[in-house]
Amino acid sequence: MTEPIIRVEHLKKSFGDHEVLCDVNFEAQKGDVVCIIGASGSGKSTLLRCINLLEKPTSGLITYHGRDIQDGSVPLAEYHAKVGMVFQSFNLFHNMTALENCMIGQTKVLKRGRAQAEENAMLYLDKVGMGPFVKAKPRQLSGGQKQRVAIARALAMDPEMLLFDEPTSALDPEMVGEVLEVMRDLAKSGLTMLVVTHEMAFARDVASKVVFMDAGVIVEEDRPEAIFSQPRQPRTREFLARILSKGEEKSRPAS
Amino acid sequence: MPTSFFGWVAYILQHYGSLFVSGTIITLIVALTGTVFGFGIGLLVAIGRTTEPRDGAGLLKRGLNRFFHGLLGAYIEVFRGTPMIVQAMVIYYGAMQYLGLKLPNLAAAILIVSVNTGAYMAEIIRGGIISVDVGQTEAAHSIGMTHWQTMTSVVLPQAIRNIMPSIGNEFIVNIKDSSVLNVISVSELFFQSKSAAGTYFRYFEVFFITAIIYLILTYSITRLLRFIERRMDGPDNYTFLGSQTDSKSVIRVHKEAAAK
C-alpha cells in the first residue's frame, strides 16, 4: 500500500479543559473522497482545521506523504498550496474581484507570472461555472456563487487535496445544489477530497469512504453503502436515524 | 478708516491678505504632514500591538513582548490623555531647557501633531484591523500566504477603507486644533490672525475671516475624502462576460440588479 497523502495519528486537541478531539487516527489516500459526518460539536471541523494547521494540535502526529507537518520538515507555504481548504463562510477576499481572488495565491505563494496566473484562474472559474462573473466583487455575488469562486480559488493553486468544511451549511437551500454539483464533478475528476458535511445524499453517492465522528473520536468508518445500510455501531445508527428522519420531514410537503 | 463691518473686512483682506494666505499654508502643511506621519506611527503601533510571542518562546522573549506592549500602551494613554496645547509646551520648552535644543517652530509643530495623532490613529487602525473578518486571514493562510502578505494584500486594504471616515475626522481635527500651536509661535492661521487683529484691534472682523477660511478648508477636505472613498470602493456595477446566445457579448450589471 502506498503512503497516504495525509495520515493523522493519536491526534488530540483541547480548548482549555474541553477536549474536542481525543485520539483520532485517520488517513486519506490519493483519490479518496472522504466524507466526515456527525453531530455538531463532534469535532469534525476541528479535525479539518488541525489538518490545515489553522488550529495547533495539543498532541499527536499529522504527516503529509510521511513527513511531519508540525516540525518544519515540510515548508508551510508548500504544504498549504498542496492541501487547500474551502470554508463554510466562503472567506473570499472582499477587496478583490473573483478573478483576483483566484490569482493572489498563485502570484504571491507560487510566484507565477500574472498572465499564467490569470489563465489558470480563468480555467477553474469556468470549470465552476463562474466564468462570466470574473470581474464581480464578492459583495455582488450570491452565497452559492461565492462558494464556487472559493472552490476555484483553492483549485487554482493546483492542490493535491482539498478540505471542505461544511461548504453548503451557510447557503440558502436553493443554492446548495449548484455547489454540490461542482463538488460531484471534482470527485469524478479524481481529486482527493475530505468533506465535512451534513448532506447525507452527497456522502452516500459521492464518497469512497464515510467517517462517523462523535464526541471527539472516530466511531466508525467504512464504505458509504455499509455505513448507511448496515451501521455496526449503535451511536452511528442513532445519528443516522435521527438525521434521516429529519430529512424526510423537510422533504414532505407542508400540509 | 472704514466704518462698516464689510468695509473693515475688505480693508483687512487688502492689507493683511498675505498673512491669511501664509497662515493657511502653514496650517495645511502642519495638518497634512501631521496626519500622514500620525497615520504611519499609528500603523506601526497598531501592528506592534497585534504581535504575540510564538508558542515556544522563552521567558525573556515573553517578557520583552510584554514590556514592548506596555510601552506602546503608555504612549497611547499619555498622548490621548493630555491636551495637545500642554504637549506642545512640554515638548518645545522641555527640549530647549533640558536638551539645549531650539526646535524650529514648524518642525516642532509637525512633531507634536504627528505624535498626538499617532496615538489616536493607533486605536483607529486597531479597530480597522479587527473589523476585517478573521475568516479572510484564515483563507489567506490556507493558500500559503505569510502573515505579512496577508496583512498587506488582504487585511490592511480593507481596514484602511473601513477607517477612512475616522482618518478624515483626524485630518479635520488637526486643521482646527493646530491653532493651539500659536503658544509655541508657529505662524499658522490662528497666530497670523492674532497679529492681523492686534494692529487695529478689529478682533471680530479678523476672526470672522479666519472662521470662514477654516470652514472652507474643512469642507473641501470632507468632499475630497468622500471622493477618495468612492474611488476605493470601485464601481457599483460590474461587467458580465458572455450571454446565453453570444459568448463575446459584454453586459453591464448595475448595483440594483446584482445579487445582494
Side-chain angles (χ1 to χ4, degrees), chain A residues 49 52-56 75-102 104-110 122 125-126 131-146 150 153-154 156-157 159 162-163 165 175, chain B residues 52 54-56 128-129 131-162 164 229 231-260:
Chain A
R49 291 171 62 85
N52 205 241
L53 289 178
L54 291 172
E55 304 288 352
K56 190 180 156 52
L76 269 190
E78 182 198 323
Y79 173 70
H80 277 132
K82 286 293 171 197
V83 179
M85 178 122 167
V86 174
F87 298 86
Q88 179 177 355
S89 47
F90 331 126
N91 297 348
L92 291 180
F93 307 134
H94 282 248
N95 54 329
M96 303 177 199
T97 63
L99 181 64
E100 288 162 346
N101 263 280
C102 299
I104 181 115
Q106 298 185 69
T107 53
K108 296 268 176 192
V109 180
L110 303 178
M122 282 305 301
L125 281 163
D126 276 333
F133 295 91
V134 292
K135 298 213 168 149
K137 288 270 179 82
R139 67 188 145 92
Q140 294 162 323
L141 299 174
S142 72
Q145 291 173 328
K146 282 186 218 178
R153 173 176 69 185
M157 302 297 287
L162 278 192
L163 312 172
D165 186 9
M175 291 172 183
Chain B
E52 269 171 36
R54 297 222 177 102
D55 282 329
I129 291 174
S131 77
V132 179
D133 174 30
V134 69
Q136 293 186 47
T137 305
E138 290 186 346
H141 289 166
S142 84
I143 55 174
M145 288 167 73
T146 62
H147 185 67
W148 178 251
Q149 289 171 335
T150 305
M151 270 289 171
T152 54
S153 304
V154 177
V155 177
L156 286 178
Q158 294 179 65
I160 290 169
R161 166 61 192 93
N162 291 348
M164 273 305 281
E229 278 180 38
R231 283 289 300 272
M232 287 173 94
D233 284 344
D236 272 336
N237 41 36
Y238 64 97
T239 311
F240 189 93
L241 304 176
S243 73
Q244 284 180 323
T245 49
D246 177 10
S247 65
K248 292 276 188 292
S249 69
V250 165
I251 304 167
R252 307 277 301 165
V253 179
H254 290 271
K255 192 185 188 180
E256 296 75 31
K260 269 275 154 193

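Only heavy atoms go into these numbers, but all of them, side chains included; no hydrogens, no water, no symmetry mates. Bear in mind that the values here come from a model prediction, so they are computed numbers and not experimental data. Each chain gets a letter, A, B and so on, in the order the sequences are listed, and its residues count up from 1.
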- For the student: nearest non-hydrogen atoms of A/Ala77 and B/Gly144, plus distance: CB-O, 3.7 Å
- Item | Nearest heavy atoms of B/Ser142 and A/Asn52, plus distance in Å | CB-OD1, 3.2 Å
- Item | Polar side-chain atom of A/His80 near backbone of B/His141 as donor-acceptor pair, under 3.5 Å | yes
- Note on the structure: Ranking B/Met232, B/Gln136, B/Arg161 by heavy-atom pairs under 4.5 Å to chain A gives rank one to B/Gln136
- Message: Less than 4.5 Å to any heavy atom of chain B: does that hold for the side chain of A/Phe87, its backbone, both, or neither?
- Response: side chain
- For A/Val83, is it the side chain, the backbone, both, or neither that has a heavy atom closer than 4.5 Å to a heavy atom of chain B? backbone
- Query: Taking all atoms of both residues into account, what is the closest heavy-atom pair of B/Ser153 and A/Met96, and its distance?
  - Reply: O-CE, 3.5 Å
- Query: Is there a side-chain contact between B/Asp133 and A/His94 (heavy atoms, below 4.5 Å)?
  - Reply: no
- Message: Looking at every non-hydrogen atom in both residues, tell me the closest pair between B/Pro157 and A/Asn95 and how far apart they are.
- Response: CB-ND2, 3.5 Å
- Message: Within this structure, what is the CD1-CG distance for the pair B/Ile143 and A/Asn91, rounded to the nearest 0.5 Å?
- Response: 11.0 Å
- Message: Under 4.5 Å from any heavy atom of chain A, what part of B/Gln149 do you find: side chain, backbone, both or neither?
- Response: side chain
- Check whether A/Leu92 gets within reach of chain B through its side chain, its backbone, both or neither, counting any heavy atom under 4.5 Å. backbone
- Message: With a 4.5 angstrom heavy-atom cut-off, is it the side chain or the backbone of A/Met157 that approaches chain B, or both, or neither?
- Response: side chain
